[in-house]
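Structure first, then comments.
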Amino acid sequence: MKETQSIKTHSKPQQSPERISGSEAIVRCLIEEGVKILYGYPGGAIMPVYDELYKYQNKIHHVLTRHEQGATHAAQGFARISGEVGVAMATSGPGATNLITGIADAQIDSTPMVCITGQVTSHLLGSDAFQETDIVGISTPVTKWNHQVTKASEIPEVIAKAFYIAKSGRPGPVLIDITKDAQFEELDFNYKKCTGIRSYNPVPKIDETVVKVAADLINKAKKPMIVWGQGVILGEAEEELKAVIEKAGIPSAWTILGASAIPTSHPLNIGMVGMHGNYAPNVLTNECDVLIAIGMRFDDRVTGNLNTYAKQAKIIHFEIDSAEIDKNVKTDVAVLGDAKSSLKTLLPLLNVNSHEAWHQKFKELYNVEYEKVIKKDLYPTKKGLTMGEVLKEINTQTKGEAAIVSDVGQHQMIACRYAEFNQTKSNITSGGLGTMGFGLPAAIGAKMAKPEREVISISGDGGYQMTIQELGTIFQQKTAVKVVVLNNDFLGMVRQWQQLFFDKRYASTEMTNPDFVAIAKGYYLNARRVSKREELADAVAEMVASKEPYFLEVCVEKEDNVFPMIPSGATVSDIRLE
């Protein structure tokens with residue numbers, strides 16, 4: 001988002017402004033925005049703010065993560081499960097640059113987050129001072145907006161703007177860099193929440209004429225299909241989507257970030273699309289006559305080869321961000337607006353339908369996938385444990401009520417394929433960036449946002465070790481996260497590709513792992529390891545019953561693969577079952 005002027009604000013009636021420091025103003029601004037939990041790591045350039053946080057401990061709980069990247073992922077997990085803005089903070093230089101991976105992840109996955117970084121004093125900017133880094137320049141490509149503050153008087157307006165931009169329209173991360181002298185300098189404090197910015201229109205006005213054109217196409221379709229994404233969840237349009245698909249009788253699939261918007265068991269929920277998605281929705285994408293995309297961006301992992309993607313179909317795209325229209329897939333009808341309002345407008349225009357013959361095709365292809373893939377994953381005959389049966393046991397023990405926070409790799413695809421979700425905002429994972437190490441800290445943030453929910457982190461042995469130090473955060477905060485590591489002693493997803501496409505040359509993918517249980521116990525966590533099928537149910541039950549943090553390592557088959565699979569560059573119709 002480009003720099004804009006003329007900010008609309010509203011504030012509570014106040015008496016004469018208070019004279020306070022910039023650092024206190026930062027903390028007061030966060031309180032005004034309703035921030036109760038803040039993730040971060042202190043350092044020299046942000047120390048004045050931490051000094052003020054010490055005074056406001058009864059209003060803002062600061063969580064000391066063990067790495068700045070962990071702070072951003074925890075803020076993401078907090079935001080994804082709560083729908084609120086996550087907040088992370090770090091010092092200048094390496095502290096700030098360590099935030100970048102999480103910021104980039106939030107940008108591509110549309111996660112509302114505000115990051116505050118300290119900076120060297122104004123007169124040292126550009127001098128290569130100790131721990132000086134141009135974090136504004138570095139973060140520009142991966143933020144929705146960023147800004148450097150050099151005067152204390154700027155702080156209230158800039159922070160108000162940051163929260164508004166992060167949450168409004170298509171959400172995203174914002175970074176505010178604040179020089180150390182601005183933190184010490186005094187200002188007359190008066191906070192006004194931002195309610196609008198000239199030239200920034202985050203939610204397009206819905207064109208009802210276009211919606212009627214879309215409805216007409218849907219009503220005439222013989223083989224319609226819906227693919228929904230995270231836009232449904234971000235727009236809180238779950239009930240509207242459910243009403244649309246039930247009235248029109250449309251088979252509906254989801255991207256991985258759209259998972260859980262509609263319960264897994266819903267009869268019109270036909271599964272996941274994409275590289276490791278379900279067989280039927282992938283294959284029948286190239287047979288449907290109308291494809292309705294709702295709050296998704298036609299990522300390459302969903303479409304496969306664009307030259308062969310749904311060429312027979314009329315494409316209807318419901319989307320809040322005009323930049324996504326026709327970016328990857330040429331649309332026939334584009335409905336701009338937030339998902340909730342758009343689907344509310346669409347619903348009364350739809351005819352009641354059932355499309356029974358079309359649904360039968362999905363059932364037939366599901367049966368093919370069940371026999372060749374699903375049955376082997378969930379009810380294996382081999383001696384070793386499979387990742388699928390671990391997820392099945394978690395489903396049984398949690399009754400589909402848990403929030404599953406997965407890392408990136410084979411276990412992620414298995415979790416997305418087989419976890420059962422009964423409520424929305426239950427699938428939290430790194431989608432577009434594919435960030436290994438996301439799962440553990442994101443689970444911490446999710447559990448702190450929703451302590452009443454069961455939150456289970458699912459990681460592989462590779463990604464887990466990228467942020468394993470956040471076990472220290474779990475221990476210090478007493479956050480009752482349940483941590484599951486599916487250990488196959490490999491970087492599993494890379495190994496799978498090496499097996500299938502590189503003649504089994506397992507270059508730098510086999511892992512020599514430490515004693516994960518001993519490490520967890522070193523952080524004073526309850527911990528257990530299982531490697532036999534007869535141990536699994538009892539171990540998962542023990543984990544779920546625990547009121548404290550719990551670590552469970554499950555040793556699974558070393559060379560199991562995740563199928564179905566669309567090879568890179570192939571069409572969705574070329575999906576492999578083995």
Side-chain angles (χ1 to χ4, degrees), residues 18-79 82 84-96 98-99 102-103 113-121 131 135 147-149 152-160 162-163 166 173-187 189-191 193 441 444-445 448-449 451 470 472-479:
E18 298 176 73
R19 191 77 177 168
I20 62 175
S21 69
S23 54
E24 184 175 2
I26 292 166
V27 177
R28 294 274 293 274
C29 291
L30 296 178
I31 293 169
E32 290 286 342
E33 288 291 343
V35 176
K36 292 183 172 59
I37 298 178
L38 165 66
Y39 301 92
Y41 206 99
I46 197 70
M47 205 175 295
V49 179
Y50 274 85
D51 189 53
E52 293 298 332
L53 279 171
Y54 185 81
K55 303 172 187 176
Y56 285 91
Q57 292 179 73
N58 62 330
K59 293 191 175 180
I60 293 185
H61 176 54
H62 178 270
V63 177
L64 175 64
T65 57
R66 296 312 190 255
H67 191 285
E68 292 89 353
Q69 182 179 337
T72 54
H73 293 327
Q76 286 178 275
F78 180 96
S82 69
E84 300 302 318
V85 177
V87 184
M89 189 160 68
T91 192
S92 62
N98 281 342
L99 299 176
I103 292 172
M113 182 165 68
V114 169
C115 293
I116 296 172
T117 55
Q119 185 55 275
V120 300
T121 55
Q131 291 194 334
I135 195 61
H147 186 85
Q148 186 174 76
V149 173
S153 59
E154 300 177 79
I155 288 170
E157 184 176 310
V158 170
I159 290 181
F163 275 85
V174 172
L175 182 137
I176 305 301
D177 190 44
I178 306 175
T179 60
K180 197 168 183 179
D181 51 321
Q183 297 171 44
F184 280 123
E185 188 182 9
E186 290 190 342
L187 73 155
F189 182 75
N190 184 18
Y191 193 72
K193 282 194 176 185
I444 294 170
M448 295 186 81
E470 298 307 332
T473 308
I474 292 175
F475 165 60
Q476 184 169 350
Q477 299 296 322
K478 310 301 181 194
T479 307

Are any non-hydrogen side-chain atoms of [X] and [Y] less than 4.5 angstrom apart?
| X | Y | answer |
| --- | --- | --- |
| Met89 | Ile46 | yes |
| Ile176 | Ile26 | no |
| Leu187 | Pro156 | yes |
| Pro441 | Thr65 | no |
| Pro94 | Gln131 | yes |
| Thr121 | Phe184 | no |
| Val63 | Met448 | yes |
| Leu175 | Ile135 | yes |

So which heavy atom on [X] is nearest to which on [Y], and how close?
| X | Y | value |
| --- | --- | --- |
| Ala96 | Ala90 | N-CB, 4.3 Å |
| Tyr39 | Ala74 | CD2-CB, 3.6 Å |
| Ala152 | Gly22 | CB-CA, 4.2 Å |
| Ala160 | Tyr191 | CA-OH, 3.0 Å |
| Cys115 | Ile103 | SG-CG1, 3.8 Å |
| Ala75 | Met113 | CB-SD, 3.7 Å |

Set of residues satisfying ring-ring contact (aromatic ring centres under 6.0 Å, His included) with respect to Tyr56, sequence neighbours excluded: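 For Tyr56, no residue satisfies ring-ring contact (aromatic ring centres under 6.0 Å, His included) once neighbours in sequence are set aside.
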
Roughly how far apart are [X] [atom1] and [Y] [atom2], rounded to 0.5 Å?
| X | Y | atom1 | atom2 | value |
| --- | --- | --- | --- | --- |
| Arg66 | Gln476 | CZ | CD | 4.5 Å |
| Ile155 | Glu24 | CD1 | CD | 11.0 Å |
| Leu30 | Glu52 | CG | CD | 12.0 Å |
| Phe163 | Glu32 | CZ | CD | 11.5 Å |
| Leu38 | Ile31 | CG | CD1 | 11.0 Å |
| Lys36 | His61 | NZ | NE2 | 13.5 Å |

Please confirm whether the backbone N or O of [Y] pairs with a side-chain atom of [X], one donor and one acceptor, at under 3.5 Å?
| X | Y | result |
| --- | --- | --- |
| Tyr50 | Gly44 | no |
| Gln57 | Tyr54 | yes |
| Gln183 | Ala45 | yes |

Flag for Thr473-Glu470: side-chain donor and acceptor within less than 3.5 Å: yes

Glu68: salt bridge (Lys or Arg N to Asp or Glu O under 4.0 Å) partners, not counting sequence neighbours: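 Salt bridge (Lys or Arg N to Asp or Glu O under 4.0 Å) list for Glu68, sorted by chain: empty.
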
